[in-house]
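The structure displayed is predicted, hence computed values, not measured ones.
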Amino acid sequence: MAAYVDPELAVHLDVLKADDSAPHEPPSATGIRVVFDAVCTTPFKAYMEPLLPQESAYVLQDRKVAVEGGEIIVRCVVPVVEDDVERFPVLVNIHGGGWTAGSIELDDYFLRKLSVDLRIVTVNIEYRLAPEHPFPTAVNDCLAALKWIVLNTAFLKADLSKGFLVGGHSAGGNLAAVLAHEARDDPFFSAEPGRQITGQVLREPVGASPDAYPEWLKPEMLAMEENRHAPLLPRAIIEHLADFYNPPRTDPRFAPLLYPSHVGVPRAFVQAMGLDALRDDGRAYAKAMRVAGGEGASCDRYPGAAHGFHYTFPDIALAVRVREDLVQGINWLLGREAVSEPAQK
């Protein structure tokens, strides 16, 4: 029986399939980047541009952060409010793209609007990409950016005690989950009060490689096979991107489901798409968080939705709902609104 596809999305996928002229051989990293920008970054920025707040409503600055072997850029957006002494919570954003493609441009306009609407600081990380910079470069870059934020709260007008969220989409969600565990175990973040991560925003994250699923979760990890030919991100491309990244498949810094313990990791808001080979990664991560007995997790599920479809087709009703739920999830992590725990949609 054919898998259910959201009707509005199905129409767009049919058009995309009719126009598909992709080569059959595995694409190069350069080719993946070109396609990603055309299929994800460009349509999402075009959709968000008319929704941008006035430039006077926020301050945007790119700052350089020193990392091993070079430097990276973090794009910081600080809302402008009447009370100049007001301090804000922080959301750290890590873009998707299979550790190989994408940039801070992907979520840039969305984060500007989010900063103003929610009165939060957003810090968008331009980590270095594979295969030029393989594992664990992305992890180390993002961890350096996280520490930079802690040391620059005055510049950011930030109060991390109000909220210090780390989040991302796809590979960015994978990195965000890894950072939550690494920060838990790093003395830097426990050296003083107010340095600790307080929440995770995980959008369609990678949790583990199929050949390294935890035994107790294997019976539930069915999506990689069930959705191996899913639109937008089939299993073959996921594995190809992981090869570019080239991590040891059992290293928890690649597979956060494999950390020996999830105790002490802050609560998570997770989104999982029904028509996605990574569907069960997000669900399993939320379950692991709940089983750990920590602060818990909320997992929103979207039947008939493909991986990252909301970037490619941002105007369809289900994409709008995904973003609305994302905002609600962020507010939940900040203690501003209640979200059922766990959510089962």
Side-chain angles (χ1 to χ4, degrees), residues 53 57-60 74-83 85-95 107-125 142 145-146 149-150 152-169 172-173 175-177 179-181 183-184 189-190 192-205 262 264-272 282 285-286 289-290 294-300 321-343 345:
Y58 61 90
V59 174
L60 183 150
V74 292
R75 178 162 294 171
C76 311
V77 181
V78 180
V80 173
V81 297
E82 290 185 4
D83 184 356
V85 301
E86 183 175 350
R87 295 297 178 262
F88 308 98
V90 173
L91 169 66
V92 182
N93 184 74
I94 308 171
H95 69 79
D107 298 306
D108 180 27
Y109 288 177
F110 176 75
L111 293 174
R112 297 188 200 195
K113 186 176 188 317
L114 192 72
S115 290
V116 173
D117 290 350
L118 299 191
R119 294 168 76 108
I120 62 173
V121 173
T122 59
V123 180
N124 199 3
I125 304 175
C142 291
L146 213 59
I149 292 166
V150 169
N152 287 273
T153 53
F155 160 72
L156 293 169
K157 293 188 175 182
D159 180 351
L160 300 183
S161 68
K162 292 184 176 181
F164 190 10
L165 312 182
V166 60
H169 177 261
L175 290 165
L179 287 190
H181 288 79
R184 174 198 63 184
F189 295 96
S190 58
E192 298 178 14
R195 289 187 170 192
Q196 295 76 32
I197 302 296
T198 63
Q200 307 170 71
V201 184
L202 309 181
R203 305 160 59 206
E204 304 149 67
H262 305 292
V265 177
R267 64 181 180 170
F269 171 75
V270 184
Q271 291 182 308
Y285 187 85
M289 290 286 297
R290 293 194 292 270
E295 296 187 58
S298 173
C299 183
D300 281 7
R321 178 185 149 198
V322 166
R323 288 190 297 275
E324 289 175 344
D325 289 348
L326 171 61
V327 172
Q328 184 183 8
I330 292 170
N331 275 325
W332 173 65
L333 291 172
L334 293 173
R336 295 175 175 176
E337 291 182 8
V339 171
S340 58
E341 185 181 341
K345 297 185 179 180

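In this structure, the side chains of M289 and V265 come closer than 4.5 Å at one or more pairs of heavy atoms. Within the 4.5 Å cutoff, side-chain heavy atoms of H262 are placed close to those of H181. Residues L91 and V121 have side chains not in contact (no heavy-atom distance under 4.5 Å, counting atoms from C-beta outward). Within the 4.5 Å cutoff, side-chain heavy atoms of L165 are placed close to those of T198. No side-chain heavy atom of K162 sits under 4.5 Å from any side-chain heavy atom of L334. V90 has its side chain out of reach of I120: every pair of non-hydrogen atoms, C-beta onward, lies at least 4.5 Å apart. With a 4.5 Å cut-off on side-chain heavy atoms, S115 and V78 do not count as touching.
Applying the ring-ring contact (aromatic ring centres under 6.0 Å, His included) test to H95 and every residue at least two apart in sequence or in another chain returns Y127. Residues satisfying the side-chain hydrogen bond (donor to acceptor under 3.5 Å, both in side chains) test with Y58, not counting sequence neighbours, are R112. In this structure, the side chain to side chain contact (heavy atoms under 4.5 Å, CB included) partners of V150, at least two apart in sequence or on a different chain, are L160, F164, F188, F189, R195. Scanning for side chain to side chain contact (heavy atoms under 4.5 Å, CB included) contacts around V80 gives V59, with sequence neighbours left out. Applying the side chain to side chain contact (heavy atoms under 4.5 Å, CB included) rule to A286 yields the partners V270, R290, A297, C299; only residues at least two apart in sequence or on another chain are considered.
Of the residues V201, N331, L114, D300, the one that meets the side-chain contact (heavy atoms from CB on, under 4.5 Å) test with L326 is V201.
When all heavy atoms of P205 and G173 are compared, the pair lying nearest together is CB-C, 3.8 Å. Pairing each heavy atom of R87 with each of D159, the nearest pair is CB-CB, 3.7 Å. Between W332 and A268, the closest heavy-atom pair is CZ3-O, 3.4 Å. For the pair G199 and P266, the tightest heavy-atom approach, listed with the atom from each and the gap, is N-CB, 3.5 Å. In plain terms, the two heavy atoms of Q271 and V322 that are nearest each other are NE2-O, 3.0 Å.
Rounding to the nearest 0.5 Å gives a distance of 11.5 Å between NE2 of H169 and CG of L202. The CG atom of L179 lies 6.5 Å from the CD1 atom of I125; values are rounded to the nearest 0.5 Å. Distance check: T122 OG1 to F110 CZ gives 10.0 Å after rounding to the nearest 0.5 Å. Expressed to the nearest 0.5 Å, how far CG of N93 lies from CG of L111 amounts to 4.5 Å. Residue I94 holds its CD1 atom at 8.0 Å from CG of L146, rounded to the nearest 0.5 Å. One distance of note links CG of D325 with CZ of F269; it measures 6.0 Å at 0.5 Å rounding.
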Could you go step by step and tell me if R75 and D108 meet the side-chain contact (heavy atoms from CB on, under 4.5 Å) rule?
CA-CA 8 Å; R75 178 162 294 171; D108 180 27; 3.1 Å; yes
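Residue pairs meeting the salt bridge (Lys or Arg N to Asp or Glu O under 4.0 Å) criterion with at least one partner in residues 115-125, sequence neighbours excluded, are E86-R119, K113-D117.
Counting only distance, with no hydrogens or angles, the side chain of R267 and the backbone of S298 share no donor-acceptor pair below 3.5 Å. Using a distance-only test at 3.5 Å, with no hydrogens or angles considered, no donor-acceptor pair links the side chain of R336 to the main chain of Q328.
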